[in-house]
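Below you'll find the structure, written out as structure tokens, and then a few comments.
Chain letters run A, B, ... following the sequence lines, proteins first, then strands; residues in each count from 1. Side-chain atoms are counted along with the backbone in the values below, which use heavy atoms only and exclude waters and symmetry mates.
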Protein chains: 2
Amino acid sequence: MLASPDIQPHLPLTEAVLFMLISLVPGPSHGYAMLKDVEVLSEGRVLLSTGTLYGALKRLLEQGWIARYVEHDQAERGRVTHSYELTGIGRRIIQAELARLEALVAVGRRAAGERA
Amino acid sequence: MLASPDIQPHLPLTEAVLFMLISLVPGPSHGYAMLKDVEVLSEGRVLLSTGTLYGALKRLLEQGWIARYVEHDQAERGRVTHSYELTGIGRRIIQAELARLEALVAVGRRAAGERA
DNA sequence: CATAATATGTCGTCGTGCGACATATCGTGC
DNA sequence: GCACGATATGTCGCACGACGACATATTATG
């Protein structure tokens, strides 16, 4: 019962990408905000560089896991920011990766947990 | 209460390395056997190439997470195999990585689990 | 006695995280 | 009015690691 068997080849995700996707679950956000969200979500352990961030965003867009739309801060003047939003595929990827991680932890605990 | 705070910088482990370390928990083994063990442990999802295997073994030795000793198959003739064994550091690394993964899953489930 | 499985190793390529660098806007305090 | 930090986006080159391809040799099996 593997929903969308074509998503398996994309796993495992890197820690950076998984945190970025998770940060988009509550709703759309933009690059810099995701950077800060990931820092909070990971309790300060994952500090994305902008190189990692924008490189990963580009790939996620190409793969169709997220979608982008342009937003104007104010009326039509001023800074232009880009908002990113999870696609259906993106949500399925997150679920698949979390399931994979749970299985991995189970294997590890079974082997390494209950013994000297 | 982070035992050995100096191990944190080594995380996250790659999937290949974590599975390789887990395969050594029950006891010493050699390269090719680890290759097959990982395949079984991962239920066929992780198929290490020998490039990955021996490259990773070299690094694990250099880092002192495993130790190597030479074994002679028979008396003193025939194929020479190398056995690898987890060190104390190696065991702590596994525990630290499993703990990290559990925390990661918890964050993911909290964000992505309990909502539409 | 050929063929598969076991066993170890190297090499080149590709993907990805990351630090450094480059720009520009916005808010706050002085 | 203006300096300065936070916000915001992006590029470039390096380093590390997984991987497939290739190379070899020994040990079982049919």
> Atom CD of B:Glu62 and atom P of D:dG17: how far apart are they, to the nearest Å?
Replying inline: 10 Å
> Does atom CD of A:Glu43 have more than 12 heavy-atom neighbours from other groups under 6.0 Å away?
Replying inline: no
> Does the pair B:Arg100 and B:Gln95 meet the rule for a side chain to side chain donor-acceptor pair (under 3.5 Å), with working shown?
Replying inline: CA-CA 9 Å; B:Arg100 188 191 67 86; B:Gln95 294 301 326; over 6 Å; no
>> If you assign each of B:His82 and A:Ala56 to its closest nucleotide in DNA chain C, which residue comes earlier from the 5' end?
In response: B:His82
> For the side chain of A:Thr50, counting heavy atoms from C-beta on, which of D:dT9, D:dT7, C:dT6 is nearest?
Replying inline: D:dT9
>> For a quick check, tell me whether the side chain of A:Ser49 and the base of C:dG17 share a donor-acceptor pair closer than 3.5 Å.
In response: no
>> Without decimals, in angstroms, what is the distance between A:Asp37 CG and D:dA8 C1'?
In response: 14 Å
> Nearest-Å distance, CG (B:Leu13) to P (D:dG17)?
Replying inline: 10 Å
> Heavy atoms under 4.0 Å, any strand shown: does A:Gly51 hit a base, just sugar-phosphate, or nothing?
Replying inline: base
>> From the set D:dT11, C:dA7, D:dA8, return the single nucleotide nearest to any side-chain atom of B:Tyr54.
In response: C:dA7
>> Please pick, from C:dT6, D:dT7, C:dC18, the nucleotide with the shortest atom-to-atom distance to any side-chain atom of A:Leu48.
In response: C:dC18
> Which one, D:dG10, D:dA6, C:dA7, comes nearest to the side chain of B:Thr81?
Replying inline: C:dA7
>> Of the listed nucleotides (D:dG10, D:dA8, C:dT6), which one gets closest to any side-chain atom of A:His30?
In response: D:dA8
> Atom CD1 in B:Ile94, atom CH2 in B:Trp65: separation rounded to 0.5 Å?
Replying inline: 10.0 Å
> Which whole-number value in Å describes the distance from A:Leu18 CG to C:dT16 P?
Replying inline: 15 Å
>> Just the rounded figure in Å: distance from C1' of D:dT9 to CG of A:Leu57.
In response: 10 Å
> Of the candidate nucleotides C:dT16, D:dA8, C:dC18, which contains the atom at the shortest distance from the side chain of A:Arg59?
Replying inline: C:dT16
>> Using whole Å, what does the distance between atom P of nucleotide D:dC12 and atom NZ of A:Lys58 come to?
In response: 10 Å
>> Between P on C:dT10 and CG on B:Leu53, what's the gap in Å once rounded to a whole number?
In response: 12 Å
>> Does C:dT8 have OP1 or OP2 under 4.0 Å away from a side-chain N or O of B:Tyr32?
In response: no
>> Side chains of A:Leu21 and A:Ile66, heavy atoms from C-beta outward: is any pair under 4.5 Å?
In response: yes
> B:Arg68 CZ to C:dA7 P: how many Å, rounded?
Replying inline: 16 Å
>> Measuring from the side chain of A:Thr52 (C-beta onward, heavy atoms only), which nucleotide among D:dC19, C:dT8, C:dG17 has the closest atom?
In response: C:dG17
> Is there a donor and acceptor pair, one atom on the side chain of A:Thr14 and one on the base of C:dG17, closer than 3.5 Å?
Replying inline: no
> Is a side-chain N or O of A:Ser23 found less than 3.5 angstrom from the main chain of A:Met34, in a donor-acceptor match?
Replying inline: no
